[in-house]
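In what follows, a single structure is set out as structure tokens and then discussed.
One-based numbering, in listed order, for ligands and for the atoms of each.
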Amino acid sequence: MQADTNPAGDIFGGWVLSQMDMAAGICAGQRAQARVVTVALDGMSFIKPVHVGDILGVYTRIVRVGRSSLDVHVECWVRRSRIGIREKVTEAVFKFVALDEQGQSMAVPPLGDLPEYVESDL
Ligand SMILES: CCCCCCCCCCCCCCCC(=O)SCCNC(=O)CCNC(=O)[C@H](O)C(C)(C)COP(=O)(O)OP(=O)(O)OC[C@H]1O[C@@H](n2cnc3c(N)ncnc32)[C@H](O)[C@@H]1OP(=O)(O)O
């Protein structure tokens with residue numbers, strides 16, 4: 001059996017989940033301008049399988065900012081067999097906490113304090 005596929009030959013859900021975690025972590029880290037860690041995952045839906053040969057796109061959007069925590073909505077879409085139809089395959093909300101250099105939770109900066117290039121992206 002291949003490392004990233006299940007016995008049916010589709011991509012393991014855990015592999016897709018890790019791509020979502022990384023994409024959401026990049027998004028949350030940019031918003032927080034700090035290291036972030038994943039603390040919770042809500043509403044994970046595996047809607048359709050991902051097949052070998054599909055193109056996977058991961059789309060992130062911040063939906064809530066607390067004191068130190070951020071919720072990032074993540075959707076994955078595939079382009080079947082590189083050139084086929086486009087379908088949504090997963091979605092979830094990942095919760096991250098911003099950490100300072102001592103590993104303690106730290107306040108997420110207000111939008112107005114972010115560098116211009118970050119603000120225009122979020
Ligand atoms: C410089 C720019 C760079 C930008 C570019 C970055 C690029 C980056 C790319 C890589 C991206 C990788 C992304 C993967 C990241 C991992 O895989 S991380 C590995 C897995 N996660 C962990 O190991 C985390 C383990 N947990 C912990 O260490 C502790 O729970 C924490 C996070 C330090 C929080 O500790 P704590 O004592 O609960 O802290 P506390 O101050 O009481 O609470 C903090 C906040 O967390 C919330 N919270 C804590 N636990 C929970 C929970 N279980 N459920 C819900 N909320 C919770 C609280 O409600 C609170 O929220 P706010 O009211 O402040 O908004």
Side-chain angles (χ1 to χ4, degrees):
M1 195 164 73
Q2 303 287 319
D4 295 326
T5 55
N6 62 31
D10 296 326
I11 300 295
F12 267 126
W15 183 88
V16 179
L17 190 59
S18 73
Q19 307 306 304
M20 295 170 78
D21 194 22
M22 282 189 279
I26 291 168
C27 174
Q30 287 176 342
R31 174 63 183 84
Q33 290 292 289
R35 176 161 85 94
V36 294
V37 285
T38 316
V39 291
L41 174 57
D42 286 326
M44 181 71 214
S45 291
F46 291 98
I47 302 161
K48 295 193 170 166
V50 178
H51 306 306
V52 173
D54 290 347
I55 294 173
L56 184 73
V58 187
Y59 301 90
T60 60
R61 181 170 47 94
I62 292 179
V63 291
R64 190 197 65 88
V65 178
R67 184 194 72 84
S68 68
S69 65
L70 309 94
D71 292 352
V72 182
H73 182 259
V74 187
E75 288 186 3
C76 288
W77 289 70
V78 292
R79 175 77 66 186
R80 296 294 183 196
S81 303
R82 297 187 296 281
I83 54 174
I85 62 165
R86 203 168 163 265
E87 293 187 294
K88 185 158 98 171
V89 289
T90 64
E91 73 178 322
V93 175
F94 288 72
K95 187 183 291 284
F96 293 87
V97 172
L99 299 184
D100 63 19
E101 296 196 343
Q102 285 69 48
Q104 304 298 312
S105 66
M106 60 166 262
V108 174
L111 267 181
D113 289 359
L114 297 180
E116 209 173 303
Y117 69 89
V118 175
E119 239 177 308
S120 63
D121 268 351
L122 298 172

Next on the checklist: Taking the side chain as everything from C-beta on, heavy atoms only, tell me whether Arg31 gets closer than 4.5 Å to Val65.
Outcome noted: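 They are in contact (side-chain heavy atoms under 4.5 Å apart), so the answer is yes.
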
Next on the checklist: Any non-hydrogen side-chain atom of Val74 less than 4.5 Å from a side-chain atom of Val58?
Outcome noted: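 Sidechains of Val58 and Val74: in contact.
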
Return the closest protein heavy atom for [atom] as residue, atom name and distance.
atom	answer
atom 40 (P) of ligand 1	Ser105 OG, 3.8 Å
atom 6 (C) of ligand 1	Gly29 CA, 4.1 Å
atom 20 (C) of ligand 1	Thr38 O, 3.7 Å
atom 8 (C) of ligand 1	Gly25 O, 4.0 Å

With rounding to the nearest 0.5 angstrom, report the [atom1] to [atom2] distance, [X] to [Y].
X	Y	atom1	atom2	result
Leu56	Ile11	CG	CD1	9.0 Å
Phe94	Met22	CZ	CE	10.5 Å
Arg35	Phe96	CZ	CZ	12.5 Å
Glu87	Cys76	CD	SG	13.5 Å
Cys27	His73	SG	NE2	12.0 Å

Tell me the contacting part of [X] for ligand 1: side chain, backbone, both, or neither, using a 4.0 Å heavy-atom threshold, strictly below.
X	answer
Ser69	both
Ser68	both
Arg35	neither

Using every non-hydrogen atom in the two residues, find where [X] and [Y] come nearest and quote the distance to one decimal.
X	Y	value
Met106	Ser68	O-CB, 3.0 Å
Gly9	Thr5	O-CG2, 4.0 Å
Trp77	Lys88	CE3-N, 3.4 Å

Next on the checklist: Side-chain heavy atoms under 4.5 Å apart, restricted to Ile/Leu/Val/Met/Phe/Trp/Tyr: what other residues fall into the cluster of Val37, or is it alone?
Outcome noted: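 Taking Ile, Leu, Val, Met, Phe, Trp and Tyr as members, Val37 shares its hydrophobic cluster with Val39, Val97, Leu99.
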
Within the 4.0 Å heavy-atom shell around [X], which atoms of ligand 1 are there?
X	answer
Ile26	9 (C)
Gly66	65 (O)
Ala40	54 (N)

Less than 4.0 Å between [atom] and some protein heavy atom, yes or no?
atom	value
atom 18 (S) of ligand 1	yes
atom 4 (C) of ligand 1	yes
atom 34 (C) of ligand 1	no
atom 46 (O) of ligand 1	yes
atom 24 (C) of ligand 1	yes
atom 38 (O) of ligand 1	no
atom 61 (O) of ligand 1	yes
atom 29 (C) of ligand 1	no

Item to check | Sub-4.0 Å heavy-atom contact, Leu99 with ligand 1 | outcome: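 Right, Leu99 reaches ligand 1.
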
Checklist entry - Is any N or O atom of Lys95, backbone or side chain, closer than 3.5 Å to an N or O atom of ligand 1? => result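 In fact, backbone or side chain, Lys95 has no N or O that close.
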
Item to check | Of all pairs that satisfy salt bridge (charged side-chain N to carboxylate O under 4.0 Å, His left out), the ones with a partner from residues 55-70, not counting sequence neighbours | outcome: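 Applying salt bridge (charged side-chain N to carboxylate O under 4.0 Å, His left out) to every pair that reaches into residues 55-70, excluding sequence neighbours, yields Arg64-Asp71.
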
Checklist entry - Which option out of Asp21, Asp42, Val39 puts a heavy atom nearest to atom 52 (C) of ligand 1? => result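 Of the listed residues, Val39 has the closest heavy atom.
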
Next on the checklist: Could you see if Leu17 belongs to whatever hydrophobic cluster contains Val93? Use Ile, Leu, Val, Met, Phe, Trp, Tyr and a side-chain cutoff under 4.5 Å.
Outcome noted: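 No, Leu17 does not connect to Val93 through the hydrophobic network.
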
